[in-house]
Colleague: 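This is the structure, below, for whatever I ask next.
No hydrogens, no waters, no symmetry mates; every other heavy atom, side chains included, goes into these values.
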Amino acid sequence: MSLFRRFTRPAPRVDADGWNPEAARMRAAAERRDWPAMRELLTGVPDGLERTALLQGVTDVAGTEEWLPEVIEAERDPALALLVSGTRGVSWAWEARTAARAKHVSKEQFATFHERLRLAEEQLYEAAEREPDWATPWFQLQICGRGLEVGHEAARHRFEAAVHRCPGHVWAYEQQLQQVCAKWGGSHEEMHEFARTSMLKDSEGGALGVLVALAHLEHWLDLDSGPDAEYIRDPDVAAQLHEAARRSVFHAAYERGPGWIQQHNVFAMAFSLAGQEKAAADVFKVLEGRVTEFPWQYVNSEPVKAFRTWRDRAGG
């Protein structure tokens, strides 16, 4: 690769709001505790993927959990306030637990984690009862339920409730994939079956092909060093990745809807690890340096560095 080409490519960078200007506005409103502005933003988008994406702007705004209860009390119809508070509550709970393995999380951390999740669950259920057509509370209840270990049957109910209301809710599918993967009590077989079945039920050009790539990354992550590389570089895995990309991100009918940047990052990492440099390069070119922390933190605590390293290898 020439030095000229190397230095004319867009510099890799992470955007806290996923390059979503509306989510950035939501974050700014939350930081200044401007509920009217937040409510206006939320009512301006339909429930489903768009509202889920918009709420990403509030999940990590510290202190939001302190003043939203007053908003809930003051609102004549507090459904939106309950949804925002529950969404922030789920993220707030995971902040207490951290991303560490369970054996490295203290009893005190778990107690705080579960206390916050139970409050968030209560608020999300109330939002769902007040607005039975909304999918977003059920999506957040999926994340909440995994932390509370509600079990596979209850988790499946929450997933089905979300996709019944928003059939194309790719993030709800991704949460269910996590639910059935080995690290959360499922198995590799169940995870791969769910991913492939979901992809084949989706229309060609839909987003659900990303589930196949995610399943292979989760399987790779669960293996020891050595067997992990052998697995992800298996020709059958490569064939499945190419099929999934052809049905989704490489398909002419694929639309860059909410989550498209992360979907491309997933395929970029999966193709890179699988040694499929040409396919990886094609995905990297589309991204133009846009990096999402997930899934690159699986290979490096600094996702931008991981992205740059693998993009350079692929030549994208």
Side-chain angles (χ1 to χ4, degrees), residues 9-24 26-28 30-31 49 52-62 64 87-88 90-101 104-105 113 139-140 142-144 146-147 169-175 177-179 181 183-184 207 210-211 213-222 228 232 249 256-274 280 283-314 316:
R9 289 177 302 170
R13 70 276 187 205
V14 172
D15 182 87
D17 300 301
W19 291 271
N20 182 341
E22 294 299 298
M26 174 66 81
R27 178 185 300 277
E31 288 173 343
L49 278 172
T52 301
L54 183 58
L55 283 169
Q56 294 306 302
V58 74
T59 54
D60 62 352
V61 179
T64 309
T87 297
R88 167 56 187 158
V90 172
S91 180
W92 190 39
W94 285 95
E95 288 171 11
R97 185 200 182 282
T98 75
R101 294 276 186 175
H104 299 304
V105 180
F113 176 54
F139 164 72
Q140 291 295 335
Q142 288 181 266
I143 308 171
C144 190
R146 192 165 66 252
H169 205 304
V170 61
W171 290 319
Y173 278 90
E174 290 178 6
Q175 289 302 319
L177 181 78
Q178 288 294 315
Q179 187 68 46
C181 73
K183 67 185 177 185
W184 287 103
V210 73
L211 300 175
L214 280 172
H216 285 303
L217 288 180
E218 290 291 346
H219 195 153
W220 163 83
L221 186 66
D222 196 50
D228 58 353
I232 200 71
V249 296
R256 295 184 183 181
W260 78 267
I261 295 173
Q262 186 177 87
Q263 290 157 26
H264 278 70
N265 272 268
V266 168
F267 273 107
M269 179 172 160
F271 278 132
S272 294
L273 293 174
V283 182
F284 280 122
K285 288 173 185 175
V286 173
L287 284 168
E288 296 183 326
R290 300 181 186 93
V291 185
T292 53
E293 292 188 0
F294 179 85
W296 293 105
Q297 77 264 36
Y298 281 171
V299 292
N300 193 314
S301 60
E302 298 183 51
V304 169
K305 285 187 177 180
F307 181 99
R308 181 185 293 111
T309 296
W310 288 100
R311 186 179 69 172
D312 287 349
R313 291 182 187 178

Colleague: Are Trp220 and His216 close enough that their ring centers fall under 6.0 Å?
Modeller: no
Colleague: Quick one: side-chain contact (heavy atoms from CB on, under 4.5 Å) partners of Gln56, sequence neighbours excluded?
Modeller: Thr52, Thr59
Colleague: Passes side-chain contact (heavy atoms from CB on, under 4.5 Å), Glu218 versus Tyr298? Steps please.
Modeller: CA-CA 9 Å; Glu218 290 291 346; Tyr298 281 171; 2.7 Å; yes
Colleague: Taking all non-hydrogen atoms of both residues, which atom of Asn20 and which atom of Ala53 are closest, and how far apart?
Modeller: ND2-CB, 3.9 Å
Colleague: Go through Phe294 and Gln262 one step at a time and tell me if the side-chain contact (heavy atoms from CB on, under 4.5 Å) criterion holds.
Modeller: CA-CA 7 Å; Phe294 179 85; Gln262 186 177 87; 3.9 Å; yes
Colleague: What pair of heavy atoms forms the shortest contact from Ala306 to Trp296, and how long is it?
Modeller: CB-CE3, 3.8 Å
Colleague: Give me the atom names and distance for the closest heavy-atom approach of Gln263 to Val170.
Modeller: NE2-CG1, 3.7 Å
Colleague: Does atom NZ of Lys183 have more than 12 heavy-atom neighbours from other groups under 6.0 Å away?
Modeller: yes
Colleague: Let me confirm one number: the NE2-NZ distance from His264 to Lys285, rounded to the nearest 0.5 Å.
Modeller: 13.0 Å
Colleague: Answer yes or no: is there a side-chain heavy-atom contact under 4.5 Å between Leu287 and Arg311?
Modeller: no
Colleague: In terms of relative ring orientation, are Trp171 and Phe139 parallel, tilted or perpendicular, with 30° and 60° separating the classes?
Modeller: tilted
Colleague: Tell me whether Asn265 contacts the main-chain N or O of Arg290 through its side chain, where contact means a donor paired with an acceptor under 3.5 Å.
Modeller: yes
Colleague: Under the 3.5 angstrom rule, does the side chain of Asp15 hit a backbone N or O of Gly18 as a donor-acceptor pair?
Modeller: yes
Colleague: Are side-chain heavy atoms of Leu217 and Leu273 found at a separation under 4.5 Å?
Modeller: yes
Colleague: Under 4.5 Å between any side-chain heavy atoms of Glu174 and Val210, yes or no?
Modeller: yes
Colleague: Using the side-chain contact (heavy atoms from CB on, under 4.5 Å) criterion, which residues pair with Ala30? Sequence neighbours excluded.
Modeller: Met38, Val58, Val61, Thr64
Colleague: Atom OG in Ser91, atom CD in Gln140: separation rounded to 0.5 Å?
Modeller: 8.5 Å
Colleague: Would you please say whether a donor-acceptor pair under 3.5 Å links the side chains of Gln142 and Tyr173?
Modeller: no
Colleague: If I compare all heavy atoms of Val286 with all of Trp260, which pair ends up nearest, and what's the gap?
Modeller: CG1-CZ3, 3.9 Å
Colleague: Hey, does Arg27 have a side-chain heavy atom less than 4.5 Å from the side chain of Asp60?
Modeller: yes
Colleague: Does the side chain of Pro12 come within less than 4.5 Å of Arg9's, by heavy atoms?
Modeller: no
Colleague: Please find the pair of heavy atoms, one from Ala11 and one from Arg13, that lie closest to each other, and give the distance.
Modeller: O-CD, 3.1 Å
Colleague: Please check if atom CD in Gln178 has more than 12 non-hydrogen atoms from other residues, nucleotides or ligands closer than 6.0 Å.
Modeller: yes
